[in-house]
Protein chains: 2
Amino acid sequence: MRSVAGHENPPHSTSLTFRITNVRGCRYHTHMNVSSKPERTRLSAEDWELAALQLIAEQGVGALAVEALARQLGVTKGSFYWHFRTREALLHAALERWEQYGEREVLGQIEQITDPRKRLPELFRRVAHELQPHRVYAALLKALDHPQVVPVMARVSQRRMEFLTTAYREAGLPPGEALNRARLTYAAYVGFLQLNFTLGLPRINLEEFDAYVEHMIATLIPA
Amino acid sequence: MRSVAGHENPPHSTSLTFRITNVRGCRYHTHMNVSSKPERTRLSAEDWELAALQLIAEQGVGALAVEALARQLGVTKGSFYWHFRTREALLHAALERWEQYGEREVLGQIEQITDPRKRLPELFRRVAHELQPHRVYAALLKALDHPQVVPVMARVSQRRMEFLTTAYREAGLPPGEALNRARLTYAAYVGFLQLNFTLGLPRINLEEFDAYVEHMIATLIPA
DNA sequence: CGTTTACCATACGGAAGAGTATGGATTGCC
DNA sequence: GGCAATCCATACTCTTCCGTATGGTAAACG
């Protein structure tokens with residue numbers, strides 16, 4: 001007889017055994033139909049979290065439904081409710097995972113650039129051309145009414161803003177201006193995410209996009 | 001005997017008798033509970049559209065439910081489905097109303113400024129200090145996955161972008177730079193909306209905010 | 001003043017999705 | 001091989017919300 005509100009021995013323990021790479025390949029089917037079960041091994045909580053993040057990136061937080069996710073993974077709800085106590089718990093775990101791993105990819109490489117003058121232009125160009133890892137961020141930006149994503153986004157945005165502020169200071173701006181310039185830069189980044197691969201506003205092509213990025217660099221970064 | 005899919009004589013006709021001011025005051029209760037019926041006159045389709053826009057501004061497009069709206073207006077669904085054929089029709093009407101009336105307030109005043117050099121700074125300062133009419137736009141920005149809002153936002157953003165582009169040209173920028181500067185400016189505007197009254201990111205106070213606006217003007221507008 | 005029109009309440013049907021209960025299948029371990 | 005832990009399927013319940021059907025009430029109008 002199971003306990004009323006929970007499992008007897010569920011892996012809900014926020015296990016610190018992080019496996020970054022996936023053990024099973026079953027999270028790369030972007031649009032697989034039902035009756036396509038690529039690998040019918042068992043699932044882990046991590047699989048659910050990664051699939052949740054992928055679904056969030058593609059269709060937004062509002063589309064995160066457990067039965068839809070189960071269909072996509074080739075199982076039913078019964079599997080889900082063994083790994084997670086509730087849908088809210090899955091969202092929490094997925095957001096936590098994203099906050100911990102999804103960051104270092106961009107900011108980690110930039111910190112290795114020693115010359116402070118070269119750092120900001122390189123950051124701009126890299127972010128502009130590697131927009132794929134920012135799709136989750138863009139999706140979460142549209143879910144800021146959701147109480148669970150607000151603190152996560154506040155922390156992430158705060159960290160990025162601080163990074164930008166110190167970068168502008170090291171580039172020669174006085175502290176007050178560096179903070180305001182960081183605000184302006186980050187707002188431009190966020191707005192660009194919204195206007196482009198959620199709305200497809202100017203439907204800009206590649207060479208024109210490069211010109212826009214260089215215009216941004218020339219306008220925002222002090223010589 | 002009513003027709004199967006529609007009403008006999010419903011005011012669905014997109015009536016061109018525009019009444020901008022509300023006839024009845026019953027759309028200003030931001031959080032009134034049930035059992036508070038301020039004025040129990042009858043409702044019109046316009047009342048529903050205005051209430052829908054207010055609800056969208058406060059809680060987003062996803063919160064636009066007909067039974068919730070009916071509760072807020074002190075009636076039941078029976079009223080709603082007399083005025084509108086479906087929920088989708090209400091959203092369409094509300095968006096159309098917003099697109100037609102919600103614009104001229106800002107851009108109309110700016111166009112009366114004759115000096116092209118003074119126009120952009122004045123636009124920046126006004127938009128920064130009258131953020132209230134932009135709450136619907138911010139809410140719609142978070143609903144860009146919704147198929148109904150995409151064309152509306154595309155049109156509105158396109159018009160604003162073109163306005164910005166010509167303003168920058170009249171301020172002395174060459175055409176290519178004017179377009180890119182308009183992109184940058186509008187992205188900063190959109191990002192600022194997201195980061196501030198959806199996320200409350202830097203929780204900036206008033207005098208610091210004024211300094212930020214002046215910094216924006218100094219950075220983005222050519223001397 | 002009564003009839004028509006406009007507006008609303010009540011009650012229902014149905015779909016979608018969260019969460020529960022429970023038994024079955026599979027894996028790891030002794 | 002057998003037992004226990006792990007993972008999943010099936011079959012429910014409950015809630016929410018869209019939409020329909022239909023009768024009722026208040027306003028408009030002759």
Side-chain angles (χ1 to χ4, degrees), chain A residues 1-13 15 23-24 26 34-35 37 39-48 51-52 55 59-92 146 148, chain B residues 1-13 15 17 23-24 26 34-35 37 39-49 51-52 55 59-92 146 148:
Chain A
M1 187 215 230
R2 280 234 175 107
S3 62
V4 183
H7 312 86
E8 307 123 348
N9 195 11
H12 290 164
S13 56
S15 69
V23 256
R24 305 158 64 250
C26 60
V34 191
S35 79
K37 309 173 182 177
E39 299 103 20
R40 272 319 327 272
T41 356
R42 342 273 293 279
L43 296 174
S44 69
E46 183 184 15
D47 295 320
W48 286 95
L55 204 157
Q59 306 186 32
V61 178
L64 185 61
V66 318
E67 283 172 306
L69 250 189
R71 262 194 307 274
Q72 185 177 334
L73 287 173
V75 291
T76 63
K77 299 194 304 182
S79 172
F80 176 82
Y81 284 101
W82 194 91
H83 295 285
F84 296 95
R85 227 173 69 262
T86 171
R87 187 202 106 117
E88 185 180 0
L90 169 67
L91 180 56
H92 181 78
H146 206 113
Q148 279 188 89
Chain B
M1 190 214 225
R2 281 235 176 107
S3 62
V4 183
H7 312 86
E8 306 121 349
N9 193 12
H12 291 164
S13 57
S15 68
T17 71
V23 256
R24 307 158 63 251
C26 62
V34 191
S35 79
K37 309 175 183 175
E39 298 104 21
R40 276 316 328 274
T41 355
R42 343 273 292 278
L43 296 175
S44 70
E46 183 185 16
D47 295 321
W48 287 95
E49 297 170 10
L55 203 158
Q59 304 185 30
V61 178
L64 185 61
V66 317
E67 284 170 306
L69 250 189
R71 263 193 307 274
Q72 185 178 332
L73 287 174
V75 292
T76 63
K77 300 194 306 183
S79 172
F80 176 83
Y81 284 101
W82 194 91
H83 294 285
F84 297 95
R85 224 174 72 262
T86 171
R87 186 203 106 118
E88 187 180 356
L90 169 66
L91 180 57
H92 181 77
H146 205 112
Q148 280 189 88

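Below, read A as the first sequence line, B as the second, and so on, with proteins coming before strands; counting in each chain starts at 1. Scope of the values below: all heavy atoms of this structure, side chains included, with no hydrogens, waters or symmetry mates.
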What is the distance from atom CH2 of B/W48 to atom CG of B/L55, rounded to the nearest 0.5 Å? 11.0 Å
With the criterion being N/O to N/O and under 3.5 Å, what pairs connect the protein with nucleotides 11-18 of chain D, and how long is each?
{"unit_1": "D/dC18", "atom_1": "OP2", "unit_2": "B/V66", "atom_2": "N", "d": "3.3"}
{"unit_1": "D/dC18", "atom_1": "N4", "unit_2": "B/K77", "atom_2": "NZ", "d": "3.3"}

Taking the side chain from A/H83 and the backbone from A/D47, do they hold a donor-acceptor pair closer than 3.5 Å? no
Rounded distance in Å - CZ (A/F84) to P (C/dA18): 14 Å
Atom-pair distance (CH2 on A/W82; P on C/dT20), nearest Å: 16 Å
When rounded to whole Å, the CD to P distance for the pair A/E46 and D/dC7 reads 13 Å
Is the number of heavy atoms from other residues, nucleotides or ligands within 6.0 Å of NE2 (A/H92) greater than 12? no
Interatomic distance, CG@A/L90 vs CZ@A/R85, rounded to 0.5 Å, equals 12.5 Å
If you define the side chain from C-beta out and look only at heavy atoms, does anything of B/F80 sit under 4.5 Å from B/L73? no
Respond yes when some side-chain nitrogen or oxygen of B/H83 is under 4.0 Å from OP1 or OP2 of C/dC8, and no when none is. yes
Mind calculating the distance between CG (A/L90) and P (C/dG19) to the nearest angstrom? 11 Å
Is there a side-chain contact between B/Q148 and B/V61 (heavy atoms, below 4.5 Å)? no
Let me know the distance between CG of A/L73 and C1' of D/dC7, rounded to the nearest Å. 14 Å
Scan nucleotides 25-30 of chain D against the protein and return all N/O pairs shorter than 3.5 Å with their distances rounded to 0.1 Å.
{"unit_1": "D/dA27", "atom_1": "O4'", "unit_2": "B/R42", "atom_2": "NH1", "d": "3.4"}

Going from CD on A/E67 to OG1 on A/T76, what distance comes out if it is rounded to the nearest 0.5 angstrom? 9.5 Å
To the nearest angstrom, the CZ-C1' distance between A/F80 and D/dT6 comes to 17 Å
So how far is it from B/H146 NE2 to B/E88 CD, rounded to the nearest 0.5 Å? 7.0 Å
